[in-house]
Protein chains: 2
Amino acid sequence: MLDVTWELATRKGLSAVTMRAVAQELDVNPMTLYRHVGDKQGLLDGLVERLLLEIEVPEPSADWREQLSLLARSMRAMARRHPDLFLLLFQRPAVTPEAVGPRNAVYDALRAAGLPEERIPRAERLLSTFMLGFAASEAGGRFRDGDPDGDMAFAEELIVQVLAGA
Amino acid sequence: MLDVTWELATRKGLSAVTMRAVAQELDVNPMTLYRHVGDKQGLLDGLVERLLLEIEVPEPSADWREQLSLLARSMRAMARRHPDLFLLLFQRPAVTPEAVGPRNAVYDALRAAGLPEERIPRAERLLSTFMLGFAASEAGGRFRDGDPDGDMAFAEELIVQVLAGA
DNA sequence: ACCTGAACACCGTTCAAGT
DNA sequence: ACCTGAACACCGTTCAAGT
C-alpha cells in the first residue's frame, strides 16, 4: 500500500494523496485502508518515513568535505522531487528510526572532520537544520531568482572553515 | 477580512481557515469572499504577509549581536504561535514587499558587524534560511526532547565568531 | 452588470447493516 | 468477529438564475 501511495505522491503530488485516491489505485474500498493505517496522518507518516529512507547517503570512506557535499546535494534533490512532502519533515521528530541513516551520515562526516565526539550531536542538529531549511527553501521557491548553487557552495566553504578550525 | 482571517488562524489554527468558515465569521455568503481574494491561495498569501509583518524587528542602534539574538527570538516566537502557517514561508519568494522588514533587520545587524556591503545579501540569505529552518523545526516538533535554547545559544556563538573573523 | 444560492465534485471518517 | 456501503459533515469553486 505504501508503495502505491508513494508512487501516487511522486506522480501527482502530495495533494493527490487522498484516502479515496489511494483506495481507488488499489481497487479497494476506501474503508479498507483503515485496517492498515488507522488514519490519514498515518498514511502521511509512512510517506515521510519513505522520504527519509530514499535520501542517498555517501560512502563514509570518502573525504569528509565530499561526504557533506554529497549529502547536501541528495537532500536538495529529494526536496525538489517532493517539495510538499519535504516540508512535513519539520513536523516530525528527528529521532525516528528511519532518520538514523541521514543522521549517521552526518555523524560520520563530522567525525572524519575531527570533531570531538561530545560535540557531534549538537553540530549534527544545527547542520541538518540548515540543510533542511535550505533544501526546503529552494524546493518551495523561496529562493526564486536567486543562485542556490552559489549560495550553497559558499555555505559549504564556511562550514568547512568552521569545522577545520574547531 | 484579513483581520478576521488572521484572528481565526490564531484562535483555531490554520486548518480552521476555510473559505466557508471565514465567510461565516463575517456573516457573509462564501461566494462573496471571491470578490476580495480571488482564491483560497490568495487568503493564505495574505496570512503569510501578515505573519511577516508581525515579526518584531530589533532597534538598529543596539549591539549587532543583540540585534541578531532578538531577531532569532522573535522569529522563533512567531513560529511557535503559528506553526503551520510558518511553514508556508518556505513556499513563498523571500523578495515580497512584506519581507523587507525582517530582511533589512538582518542587513542592519550584518552591517553593524562590519561585513562588507557586497557580502551582505548572500550572508542574509544563509542566515535567514538557518533561522527559518530552526524556528520551523522547533515549532513543528522536530526537536522533540531536545534543547532548542542551548542549541540556538551555541549557534549564535558560532555565527558571532564567523562574523567577527570575516 | 453585479451578486449569490444551489449545485458539483470532491474530502476524511463514523456507523450500522450485512456477512 | 470482520468487513464495508451508505451516510454525515464537511471542502473549494462553478455557474446559472435572480436582481
Side-chain angles (χ1 to χ4, degrees), chain A residues 1-52 81-93 96 98 139-141, chain B residues 1-52 81-93 96 98 139-141:
Chain A
M1 182 185 83
L2 187 53
D3 285 342
V4 170
T5 308
W6 175 260
E7 194 272 331
L8 184 65
T10 305
R11 188 159 42 87
K12 305 179 54 171
L14 187 60
S15 70
V17 176
T18 67
M19 293 285 143
R20 291 168 120 105
V22 171
Q24 187 170 1
E25 207 81 19
L26 289 163
D27 265 315
V28 117
N29 187 287
M31 286 309 99
T32 307
L33 297 184
Y34 284 84
R35 314 218 87 260
H36 303 87
V37 86
D39 213 343
K40 162 118 199 230
Q41 187 57 53
L43 204 68
L44 298 182
D45 289 351
L47 246 23
V48 178
E49 286 175 25
R50 170 75 76 117
L51 179 133
L52 248 5
R81 238 189 315 281
H82 298 280
D84 298 330
L85 192 51
F86 196 83
L87 242 32
L88 299 188
L89 284 175
F90 289 110
Q91 297 182 320
R92 317 215 65 222
T96 55
E98 325 77 44
Chain B
M1 183 186 81
L2 187 55
D3 286 342
V4 169
T5 309
W6 175 260
E7 193 273 331
L8 184 65
T10 306
R11 187 159 42 87
K12 305 180 54 170
L14 187 60
S15 69
V17 176
T18 67
M19 291 287 143
R20 291 168 121 106
V22 171
Q24 187 170 3
E25 206 80 20
L26 290 163
D27 266 316
V28 118
N29 188 287
M31 286 312 99
T32 307
L33 296 185
Y34 284 83
R35 313 218 88 259
H36 302 87
V37 89
D39 212 343
K40 162 119 198 225
Q41 188 56 52
L43 204 67
L44 298 182
D45 288 353
L47 246 23
V48 178
E49 285 175 25
R50 170 76 76 115
L51 180 133
L52 248 5
R81 237 187 318 278
H82 298 279
D84 299 330
L85 191 52
F86 196 83
L87 243 31
L88 299 187
L89 284 176
F90 288 110
Q91 296 183 321
R92 318 214 65 223
T96 55
E98 326 77 46

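In the text below, chain A, chain B and the rest are named by the order of the sequence lines, each starting its count at 1. Predicted, not measured: the structure shown is a model, and the values here were computed from it.
- Chain B approaches DNA chain C over the interval dC3(C) to dA7(C), counting the first and last nucleotide 5' to 3' with an atom under 4.0 Å from its heavy atoms.
- Residues Leu14(B) and Leu44(B) form a side-chain contact, since some pair of their non-hydrogen atoms from C-beta on lies under 4.5 Å apart.
- As rounded to the nearest Å, dC8(D) and dG18(C) have P atoms that lie 16 Å from one another.
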**Report entry** side-chain contact (heavy atoms from CB on, under 4.5 Å) between Trp6(B) and Leu51(B), worked out
**Finding:** CA-CA 9 Å; Trp6(B) 175 260; Leu51(B) 180 133; 4.1 Å; yes
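- Heavy-atom distances under 4.0 Å link DNA chain D to Met31(B), Tyr34(B) of residues 26-36 of chain B, given in residue order.
- To the nearest whole angstrom, the two C1' atoms, one in dA9(D) and one in dA9(C), are 16 Å apart.
- Between Leu2(A) and Leu47(A) there is a side-chain heavy-atom pair separated by less than 4.5 Å.
- The closest donor-acceptor contact from the side chain of Thr32(B) to the backbone of Val28(B) lies at 3.5 Å or more, if one exists at all.
- In this structure the side chain of Arg92(A) reaches within 4.5 angstrom of the side chain of Glu49(A), judged on heavy atoms.
- A 4.5 Å side-chain heavy-atom check between Thr96(A) and Val48(A) finds every atom pair outside the cut-off.
- Base pairing in DNA chain D yields stems of at least 3 consecutive Watson-Crick or G-U pairs, both distances under 3.5 Å, namely C:4-8 with D:12-16, C:12-16 with D:4-8.
- Counting heavy atoms from C-beta on, the side chains of Leu33(B) and Leu26(B) come closer than 4.5 Å.
- Side-chain contact between Asp84(B) and Gln91(A): present, with at least one pair of heavy atoms (C-beta onward) separated by less than 4.5 Å.
- Ion pairing between a basic and an acidic side chain is recognised when a charged N comes within 4.0 Å of a carboxylate O; Arg50(B) and Glu7(B) show no such pairing.
- Proximity of the aromatic rings of Phe90(A) and Phe90(B) is defined here by a centroid distance below 6.0 angstrom, and this criterion is met.
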